[in-house]
Every structure is written in C-alpha cells, then in structure tokens.
Amino acid sequence: SSIGIRGYNYTNITTNARFSSMSFAGMVTVKDPNLRLSAEGSIDLRENKNIINVQGKLDTALLHNINLSTKKIALQTKMKINIKGFELDSLTGTADFEKIFVSYEKESLTLDKIHMVSEKQNNQRYLAVQSSVVDANTKGNFYFSDIFKDFQTLLREFQLNIKNDQEAISEYYRHKTGQPKSYEATFNINLKNIQPIVRLLNMKLKLADSTLFAGKFTSGRTTIFQAFSDIKFVEYNGLKLIDNEVEISASKISDSTNILAMAFVTSRAQEFPSRLKTKNLLTEAIWNKDHIDFDFQADQQDQNNYVRLSGMVDFEDSTHIQFTKSDIKIIDRIWKINPENSITNRGKEWYIDNLVFFESDHRIKVNGHVSKDPEKNISVEIDNFDLSTLNPLITEKLNGLLNADIELSNLYTGFTLQNSLHVSELKFNDFLVGDIHGTNAWNRQEKKFIIDFHVDRLKNRIVNITG
C-alpha cells in the first residue's frame with residue numbers, strides 16, 4: 001500500500017498484478033496526494049528481455065512535492081509505452097503521450113500529442129520526436145551517453161580557450177586521459193511553433209514557425225561540429241532580426257588546444273528596442289589555433305550611415321584584441337579607429353591602450369584599466385564632439401559641441417566617476433538650453449565629491465550648483 005522512492009513515501013497504492021522475481025503483469029493504481037496514476041500492462045525482465053508494455057493515465061504528478069524537481073511543476077497525460085531496455089543507449093521502441101498538460105511555476109502548457117520512436121539496426125541508431133511544437137531526429141553510429149559527454153567536453157574546451165587562463169588550461173590537459181570514440185551523428189530540428197514553450201518558461205522570445213536547424217557531430221581524435229539554420233524571424237527582448245542565416249563549423253584536436261572554427265551570420269533587417277533600424281548585417285569570425293579574425297558590418301535603414309568593423313583576437317599569455325581597418329559613418333561623417341590600439345584582458349583585469357575614434361578634429365580617446373584595484377582607472381577624452389552625431393541613434397534631437405575629460409574607477413564594486421565637461425550651445429529638440437560647464441572631483445582625504453556645475457543661457461547664468 002506504500003513505497004518510498006527518492007525520500008518520498010507514496011501511499012494508497014493498489015494492484016491486481018501478478019508478480020514474479022523478474023516480471024510484472026496487471027493493473028496498478030496510485031491515489032497519493034501528489035501522484036494520481038492508473039496503468040496496466042507488463043514488465044518482463046527475464047533473460048534480460050527488459051520489455052515494457054504499459055498504457056495508462058497520469059492524472060496528477062506534482063514533481064516538486066515528490067522530490068523530482070526544485071521548481072513548481074505539475075504534469076497530466078495519457079500514455080502508451082512499448083519499449084525494450086532501461087538505459088538510453090540500449091532503448092528501442094515507441095512512446096506516445098496524449099492530452100498533455102504541464103504547469104511550471106505560474107505558467108502552463110497544453111499539447112495534443114508527443115510521439116517518440118527509437119530504433120537500432122546494424123550499429124546505426126535512429127531517434128525521432130514528433131509534436132505540435134517541435135519535430136526532431138538524429139541518426140548515426142553513436143551512443144547517446146557518448147554524445148552528451150563529448151559535446152559537453154567540446155564546449156568546456158572552447159570555453160577554456162576563450163577565458164585563456166593558462167594555469168587552468170594546463171591543469172585540465174594534464175589530467176585529461178583517453179580520446180573520444182569514433183562515431184558520427186546527424187541531426188535535424190524543426191521548431192514548428194515554440195510559443196507555447198516560450199510562454200511556459202516566461203521568455204521574451206518570438207521565433208518564426210517551422211524554423212529549421214540541421215547539423216552533424218563527428219567524434220574521434222579530431223571532433224567536428226557543424227550546424228546551419230535559416231531563420232525567417234526572431235525577436236528577443238525587443239531586438240528583431242529578419243531573414244537570417246547562421247552557419248557554424250568547428251573542429252578541435254582532443255589532446256591539444258588547437259582550434260579551427262568559422263562562424264558566419266547574415267541578417268537582412270534588424271530593429272532595436274530604441275527603434276533604430278539597420279539592414280544588411282553581416283558578421284564573420286575565423287578561429288585558427290590561437291588567432292581569430294573578425295568582421296562586422298551593418299547599414300542604417302533609410303540613411304547613409306553604416307558601421308564597418310574589422311579586428312583580431314590573439315590568445316597568448318593574455319588575450320589581446322585589436323581593431324584594424326574600421327569605419328563608422330554617421331551623418332555624412334566617417335569616423336575611423338586608430339589602428340594602433342590594443343585591448344588586453346587577463347581574468348577580470350582589462351587594459352585599454354590608445355583606443356581612438358576620430359573624424360577631422362572630432363575625437364574620442366579611451367585609455368586605462370578596468371580593474372579591481374581602486375587606484376587604477378580608465379580615462380575618456382572627448383574633443384569637439386558634435387552631439388548631433390547621436391541623433392540617428394536616439395528618438396530625441398540634440399545639438400551642441402561637447403568637450404570632456406572623464407575618469408572611471410571601481411567598476412566592479414560600484415564605480416567612482418570624476419569628470420570635467422563643457423557643452424557649448426546645447427539644444428534639445430531645437431530648444432536652446434545654453435552653455436554647460438561642470439566638474440566633479442573626488443576628494444580622497446574627505447571622501448567627498450566636489451561639484452561645480454553651471455548653465456549660461458543668452459549670457460545669463462540660469463543654473464549654478466556647487467558643493
């Protein structure tokens with residue numbers, strides 16, 4: 001009448017089944033407060049048959065109350081299961097679920113049907129899942145346990161290279177033993193309509209119906225991952241991308257940090273939450289051993305503005321980033337980036353050297369450190385910056401000439417800002433605000449900010465703040 005599993009004691013269990021040491025046949029009913037289930041069928045473990053043939057109805061399963069989930073999840077479904085095997089690697093057969101209801105926290109999901117089939121013949125495996133939300137299949141000469149383990153290993157080794165912690169990398173490969181098995185798996189995924197799952201998980205995501213993903217995972221001494229997708233529309237947190245193509249190809253030698261990878265993304269049109277609209281987005285990155293070359297470009301819709309960025313990343317004792325030939329066109333002005341720039345990273349320490357954006361006598365220069373050390377700071381020098389340059393990017397209209405010196409520190413622990421700025425003839429939506437001058441300096445002895453700020457309009461001081 002009761003049984004304990006995973007620290008929960010199920011009660012009100014009745015059955016008319018015939019039992020033996022290796023088989024079960026008959027009906028079972030559970031009327032536990034957190035699990036209401038009725039099922040009939042058979043389980044045959046004799047001579048390692050491991051055959052399960054069961055059909056029934058799950059009226060209620062409160063997974064959070066029976067120690068199967070830390071989240072508040074409830075399930076309801078009708079089921080028909082005809083499978084052989086208990087482990088995923090040896091599992092074959094079919095499973096059908098109908099009238100499915102899932103509640104997750106405060107959201108819920110209803111599906112008509114899920115059909116699953118697993119087949120294995122002559123070392124070739126095939127697994128397919130069909131539903132109104134997604135259709136997916138994979139096939140090849142693989143074991144599921146190997147794919148899960150080897151793909152996680154590949155991701156971890158890529159992350160190690162990106163973080164570029166030489167001590168952690170050496171420690172990892174010093175303890176790594178063996179090589180992945182040789183096998184291949186292809187996959188196809190059709191995201192038919194994921195909005196029910198999006199609502200269930202309370203995500204700010206929209207995706208075009210029938211979005212396809214296809215790819216291949218090849219394992220061995222050299223592991224290769226390839227994936228491709230043609231995404232008609234995707235929106236996430238207000239960012240919209242239309243008519244997109246994504247292609248990824250990556251390979252890595254098992255006992256080496258050497259990587260050869262390529263990522264290519266195009267998008268016909270984009271719309272940002274700020275209502276900025278761009279088009280013809282293209283980004284490409286090629287990773288060869290310890291070096292990455294990258295390019296990014298996009299044009300603004302209905303304007304002549306554009307961005308063209310090129311650069312490289314080198315993984316040495318530290319990670320070094322450099323922008324090479326790069327142009328940004330805004331309001332018929334072409335801003336360039338000084339190619340003699342450098343961004344260096346090690347852990348949470350960043351050093352920026354001579355990162356200069358310039359156009360004629362207009363200049364923005366960034367130097368210094370982003371660091372946990374409060375004595376290190378980053379400085380931004382702004383010379384003769386025309387504020388109307390920002391108008392294509394914002395909803396309001398600005399005019400005026402900005403000159404400023406800004407220092408930032410303690411960015412990891414609540415930043416400290418010091419600045420000296422002057423804006424001449426500031427206009428906001430064609431309204432003249434005036435000339436603005438302000439300083440904000442940190443007094444180390446008194447641990448106070450000393451502020452001096454005033455606004456002059458038509459030769460009259462209309463704002464004066466000190467303290």
Side-chain angles (χ1 to χ4, degrees), residues 1-63 65-69 73-100 102 111 113-131 136-150 180-185 187 219:
S1 63
S2 67
I3 186 172
I5 301 175
R6 294 179 63 93
Y8 180 81
N9 190 50
Y10 296 88
T11 59
N12 298 323
I13 302 172
T14 58
T15 180
N16 66 357
R18 299 186 306 273
F19 289 91
S20 73
S21 60
M22 301 294 288
S23 66
F24 165 95
M27 178 181 292
V28 62
T29 301
V30 182
K31 294 184 178 180
D32 184 87
N34 296 301
L35 178 68
R36 300 183 68 85
L37 167 70
S38 60
E40 62 178 331
S42 62
I43 300 174
D44 190 350
L45 309 182
R46 293 172 296 181
E47 300 176 355
N48 292 321
K49 293 179 181 178
N50 297 338
I51 296 174
I52 303 173
N53 191 340
V54 175
Q55 60 183 352
K57 182 178 181 181
L58 179 65
D59 285 321
T60 304
L62 304 179
L63 302 190
N65 287 344
I66 57 178
N67 302 328
L68 294 180
S69 172
I73 300 176
L75 298 178
Q76 292 178 353
T77 186
K78 288 184 176 181
M79 55 190 169
K80 185 177 181 180
I81 300 171
N82 187 358
I83 61 174
K84 181 178 180 181
F86 284 121
E87 296 181 356
L88 191 57
D89 285 338
S90 61
L91 196 66
T92 59
T94 62
D96 290 281
F97 302 91
E98 297 180 346
K99 296 182 179 180
I100 305 148
V102 182
L111 297 176
K113 185 177 181 179
I114 297 177
H115 173 69
M116 303 174 67
V117 58
S118 177
E119 301 173 350
K120 186 179 181 183
Q121 186 176 13
N122 298 329
N123 231 13
Q124 291 292 311
R125 180 178 298 279
Y126 174 78
L127 174 69
V129 178
Q130 296 176 334
S131 73
N137 68 72
T138 181
K139 59 184 178 180
N141 59 334
F142 61 89
Y143 287 103
F144 291 108
S145 58
D146 290 333
I147 279 193
F148 296 149
K149 179 185 67 177
D150 295 337
K181 298 175 184 177
S182 295
Y183 60 85
E184 182 176 286
F187 64 88
S219 176

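Computed from a predicted model, the values in this text were never measured in an experiment.
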Pairing of K80 and D96 as salt bridge, 4.0 angstrom limit
no

Please answer whether the main-chain N or O of D59 pairs with a side-chain N or O of Q76 as donor and acceptor at a distance below 3.5 Å.
yes

Report the C-alpha distance between E119 and T92 in whole Å, list the side-chain angles of each, state the deciding distance to 0.1 Å, and finish with yes or no for side-chain contact (heavy atoms from CB on, under 4.5 Å).
CA-CA 5 Å; E119 301 173 350; T92 59; 5.9 Å; no

Test item: S69 side-chain N/O and L63 main-chain N/O as donor-acceptor pair under 3.5 Å:
no

Please tell me whether D89 and S145 have a donor and an acceptor in their side chains that are separated by less than 3.5 angstrom.
yes

Heavy atoms only: give me the nearest G85-S90 pair and the separation to one decimal.
CA-OG, 4.1 Å

Would you sort out whether I83 and I51 count as a side-chain contact (heavy atoms from CB on, under 4.5 Å), showing the intermediate values?
CA-CA 6 Å; I83 61 174; I51 296 174; over 6 Å; no

Could you verify whether a donor N or O on one side chain and an acceptor N or O on the other, from N65 and Y8, lie under 3.5 Å apart?
no

One should read off an interatomic distance between N122 CG and Q124 CD, to the nearest 0.5 angstrom, of 8.0 Å

So do T15 and T29 actually touch side chain to side chain, heavy atoms under 4.5 Å?
no

Evaluate the criterion side-chain contact (heavy atoms from CB on, under 4.5 Å) for residue pair L127 and V117; output intermediate values, then yes/no.
CA-CA 6 Å; L127 174 69; V117 58; over 6 Å; no

Shortest non-hydrogen pair, V54 vs S42, comes out as CG2-O, 4.1 Å

Between the CD1 atom in I100 and the OG atom in S131, the distance rounded to the nearest 0.5 Å is 8.0 Å

Donor-acceptor pair, N141 side chain versus E184 backbone, under 3.5 Å?
yes

For Y183 and D150, which I'm curious about, is there any donor-acceptor pair between the side chains at under 3.5 Å?
yes

Would you say N16's side chain and M27's backbone share a donor-acceptor pair under 3.5 angstrom?
yes

Point-to-point distance, once rounded to the nearest 0.5 Å, from NZ of K31 to CG of L37:
12.0 Å

Spatial distance of atom CZ (R125) from atom CZ (F144) [nearest 0.5 Å]
5.0 Å

Point-to-point distance, once rounded to the nearest 0.5 Å, from CG of L75 to CG of L58:
6.5 Å

Verdict with supporting geometry, I66 and Y10, side-chain contact (heavy atoms from CB on, under 4.5 Å)
CA-CA 9 Å; I66 57 178; Y10 296 88; 3.5 Å; yes

Can T11 and D32 be counted as having a side-chain donor-acceptor contact under 3.5 angstrom?
yes

Less than 4.5 Å apart, side chain to side chain, heavy atoms only: is that true for Q121 and Y126?
no

Rounded distance [0.5 Å steps], CZ in F148 versus CG in L88
5.5 Å

